[in-house]
K.L.:
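Next up is a structure, given as structure tokens.
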Amino acid sequence: MVRDSFSDRIMVIIVYILLSLLAISTLYPFLNALAISFNEGMDTSRGGITLWPRVFTLENYGVVFKDERLINGFVISVLRTVIGTFSSILCTAIFAYGMSKRELIGRKYYMIMCIITMYFGGGLIPTFLLIRNLGLMNSFWVFIIPSLIGVWNMIIFRTFFQGLPSGLEESAKIDGCGNWGTFFRIVIPLSGPVIATLSLFAAVAHWNEWFLAGIYISDVDKYPIQTILRQILLSNIVTSQGGMDSAALAHMDRVKTVTSKSLSMATMMVATLPIITVYPFVQRHFVKGVLVGSLKE
């Protein structure tokens, strides 16, 4: 057994210290916001809240869950994330499966056109005109259809599919499977790690996205929770006339301890915690799923 040298042990200690500092700097803002969300608003205005609420209360969350606008935004975000992730992964995987076939006529030209879209876009105004002409303005489907195909995800899928043994598909075809049968019965079941990883990336992107609603949605009732949260954080809309649901405003009037800051932190937690809880379930797939695109071209 070879013992580590003194310099190796010093290096390990330095690495652990740096990683610990990085973890603390990453976790502290989140834990601080969590503590403020559970702390009495008037007491929070005094400052000094760090990792633990000084005057514990649930009134901040009571106001949040009495605001129908926030609840409606939460439902829209959940639907958008579930439907958008499923449809995006499915369409991207189908596209990548076709692009992985070397016998596909014009395969290189299709790939070049796809890569060009990764670096060059039409801009906001041409995209706005396209969305309007497609009839997606003020529609829930503006969150889903434009993001059905992700070129980077397609490249990762394609590389993974190319790495599968060709004998599997040949055996499936001998048994009578067509292209669709081979894809859904053979390829997809073997693609668990890459599907799990890319699904998480797509879900996080859908859940955190707030810009599209401000551009293409005119009905506030169709806003996802992230867009509503942005309005709260930037303009304190919760305290302005018409900014909150009447039931939530009445409840906030009764609870004088709730402030704009404490309510913002509570809304932020409601908007953040659901997507964070997904990470532990797919974390074990990260290494294999993310690095698969670098294994073979």
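Everything numeric here is computed off the predicted structure, so don't read it as measured data.
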K.L.:
Look at the side chain of Asn138 and the backbone N and O of Asp219, then say whether any donor-acceptor pair between them is shorter than 3.5 Å.
P.N.:
yes

K.L.:
In this structure, are over 12 heavy atoms from other groups packed under 6.0 Å from Leu19 atom CG?
P.N.:
yes

K.L.:
Say you draw a straight line from OG of Ser264 to CD1 of Ile36; how long is it, rounded to the nearest 0.5 Å?
P.N.:
10.0 Å

K.L.:
Starting at CD of Glu169, measure out to CZ of Arg185 and round the result to the nearest 0.5 Å.
P.N.:
14.5 Å

K.L.:
Go through the steps for Val64 and Met269 under the test side-chain contact (heavy atoms from CB on, under 4.5 Å), then give the verdict.
P.N.:
CA-CA 10 Å; Val64 170; Met269 289 300 105; over 6 Å; no

K.L.:
With a 6.0 Å cut-off (strictly less than), is the heavy-atom count around OH of Tyr110, excluding the residue itself, greater than 12?
P.N.:
no

K.L.:
Taking all non-hydrogen atoms of both residues into account, name the closest pair between Leu198 and Ile156 and its distance.
P.N.:
CD2-CD1, 4.0 Å

K.L.:
Looking only at heavy atoms, which two atoms of Ala35 and Thr50 are closest? And how far apart?
P.N.:
CB-O, 4.0 Å

K.L.:
Have a look at Ile76 and tell me which of Leu79, Asn72, Val78 forms a side-chain contact (heavy atoms from CB on, under 4.5 Å) with it.
P.N.:
Asn72

K.L.:
In Å and rounded to the nearest 0.5 Å, what is the CG to CG distance from Leu134 to Leu129?
P.N.:
11.0 Å

K.L.:
For the pair Thr92 (side chain) and Leu148 (backbone), establish whether a donor and an acceptor sit closer than 3.5 Å, ignoring hydrogens and angles.
P.N.:
yes

K.L.:
In Å, rounded to the nearest 0.5 Å, how long is the span from CD1 of Ile188 to CD1 of Ile89?
P.N.:
9.5 Å

K.L.:
Are side-chain heavy atoms of Tyr61 and Thr267 found at a separation under 4.5 Å?
P.N.:
no

K.L.:
With side-chain contact (heavy atoms from CB on, under 4.5 Å) as the criterion, how do Met99 and Met154 come out once you've worked through the C-alpha distance, each side chain's angles and the decisive distance to 0.1 Å?
P.N.:
CA-CA 9 Å; Met99 292 293 292; Met154 183 274 292; 4.2 Å; yes

K.L.:
Are the side chains of Ile145 and Leu136 in contact, using a 4.5 Å heavy-atom criterion?
P.N.:
yes

K.L.:
Is the closest side-chain heavy-atom distance between Lys101 and Arg107 below 4.5 Å?
P.N.:
no

K.L.:
For Phe157 and Phe95, I'd like to know if the aromatic rings sit close, meaning centre-to-centre distance below 6.0 Å.
P.N.:
no

K.L.:
Determine yes or no for a side-chain-to-main-chain donor-acceptor pair under 3.5 angstrom, with Thr197 supplying the side chain and Val194 the backbone.
P.N.:
no

K.L.:
Consider only side-chain heavy atoms of I, L, V, M, F, W and Y, link residues closer than 4.5 Å, and tell whether Val55 and Leu263 are in one cluster.
P.N.:
no

K.L.:
Does atom CE of Met137 have more than 12 heavy-atom neighbours from other groups under 6.0 Å away?
P.N.:
yes

K.L.:
Please test Tyr223 against Ile217 for side-chain contact (heavy atoms from CB on, under 4.5 Å), starting from the C-alpha separation and ending with a verdict.
P.N.:
CA-CA 7 Å; Tyr223 278 2; Ile217 302 296; 3.9 Å; yes

K.L.:
Considering non-hydrogen atoms only, spot the tightest contact between Pro126 and Gly123 and give its length.
P.N.:
CD-O, 3.6 Å

K.L.:
Measure across Ile49 and Tyr28 and return the closest heavy-atom pair with its distance rounded to 0.1 Å.
P.N.:
O-OH, 4.4 Å

K.L.:
Do Phe211 and Thr227 have side chains that approach each other closer than 4.5 Å (heavy atoms only, starting at C-beta)?
P.N.:
no

K.L.:
As an exercise, state the distance from NE2 of His206 to CD1 of Ile144, rounded to the nearest 0.5 Å.
P.N.:
5.5 Å

K.L.:
Ignoring hydrogens and geometry, is there a side-chain-to-backbone donor-acceptor pair from Asn39 to Phe56 under 3.5 Å?
P.N.:
no

K.L.:
Taking all heavy atoms of Leu212 and all of Arg80, pick out the closest pair and write down the distance.
P.N.:
CD1-NH2, 4.0 Å

K.L.:
Verify the ring-centre separation between Trp207 and Phe74: is it less than 6.0 angstrom?
P.N.:
yes

K.L.:
Closest approach of Ala96 and Arg158, non-hydrogen atoms and distance?
P.N.:
CB-N, 3.6 Å

K.L.:
Would you say that Met111 contacts Lys108 through its side chain, given a criterion of any heavy-atom pair below 4.5 Å between the two side chains?
P.N.:
no

K.L.:
If you measure from OG1 on Thr81 to CD1 on Ile275, what distance do you get to the nearest 0.5 Å?
P.N.:
6.0 Å

K.L.:
The test is salt bridge (Lys or Arg N to Asp or Glu O under 4.0 Å); show your working for Arg54 and Glu40 and say whether it passes.
P.N.:
CA-CA 8 Å; Arg54 189 163 49 213; Glu40 185 183 88; over 6 Å; no

K.L.:
When you check the side-chain N and O atoms of Asn60 and Ser262, is any donor under 3.5 Å from an acceptor?
P.N.:
yes

K.L.:
Find out if a path of hydrophobic residues (ILVMFWY) with successive side-chain heavy-atom gaps under 4.5 Å connects Leu21 to Ile13.
P.N.:
yes

K.L.:
With side chains defined as the heavy atoms from C-beta onward, is the minimum distance between Leu70 and Val270 less than 4.5 Å?
P.N.:
no

K.L.:
Would a distance-only check, ignoring hydrogens and angles, find a side-chain to backbone donor-acceptor pair under 3.5 Å from Ser88 to Ser147?
P.N.:
yes

K.L.:
Between Ile228 and Val75, is there shared hydrophobic-cluster membership here, with clusters defined by ILVMFWY side-chain heavy atoms closer than 4.5 Å?
P.N.:
yes

K.L.:
For the hydrophobic clusters of this structure (ILVMFWY residues joined by side-chain heavy atoms under 4.5 Å, transitively), does one cluster hold both Ile195 and Leu164?
P.N.:
yes

K.L.:
Taking C-beta and beyond as the side chain, do Tyr97 and Ile94 meet within less than 4.5 Å on heavy atoms?
P.N.:
no

K.L.:
Classify the ring geometry of Phe183 against Trp180: parallel below 30°, tilted from 30° to 60°, perpendicular beyond 60°.
P.N.:
perpendicular

K.L.:
Please say whether more than 12 non-hydrogen atoms of neighbouring residues, nucleotides or ligands are located less than 6.0 Å from CZ in Phe86.
P.N.:
no

K.L.:
Compare all side-chain heavy atoms of Met268 with those of Thr272 and state whether any distance is below 4.5 angstrom.
P.N.:
yes

K.L.:
Apply the test side-chain contact (heavy atoms from CB on, under 4.5 Å) to residues Phe160 and Ile155: give CA-CA distance (whole Å), side-chain angles for both, the deciding distance (0.1 Å), then the verdict.
P.N.:
CA-CA 9 Å; Phe160 182 85; Ile155 294 174; over 6 Å; no

K.L.:
Count the heavy atoms belonging to other residues, nucleotides or ligands that lie under 6.0 Å from CD1 of Ile105, then report whether that count exceeds 12.
P.N.:
no

K.L.:
Same cluster for Ile112 and Trp152 if Ile/Leu/Val/Met/Phe/Trp/Tyr side chains link at under 4.5 Å?
P.N.:
yes

K.L.:
Short question: side chain of Thr117, backbone of Cys114 - any donor-acceptor pair under 3.5 Å?
P.N.:
yes

K.L.:
Would you please test Tyr216 and Phe143 for ring-ring contact (aromatic ring centres under 6.0 Å, His included) and show each step?
P.N.:
CA-CA 9 Å; Tyr216 304 119; Phe143 301 135; 8.9 Å; no

K.L.:
Quick one: does Glu170's side chain have a donor or acceptor within less than 3.5 Å of a partner on Lys173's backbone?
P.N.:
no

K.L.:
Checking Ser25 side chain against Leu22 main chain: does a donor-acceptor pair fall under 3.5 Å?
P.N.:
yes

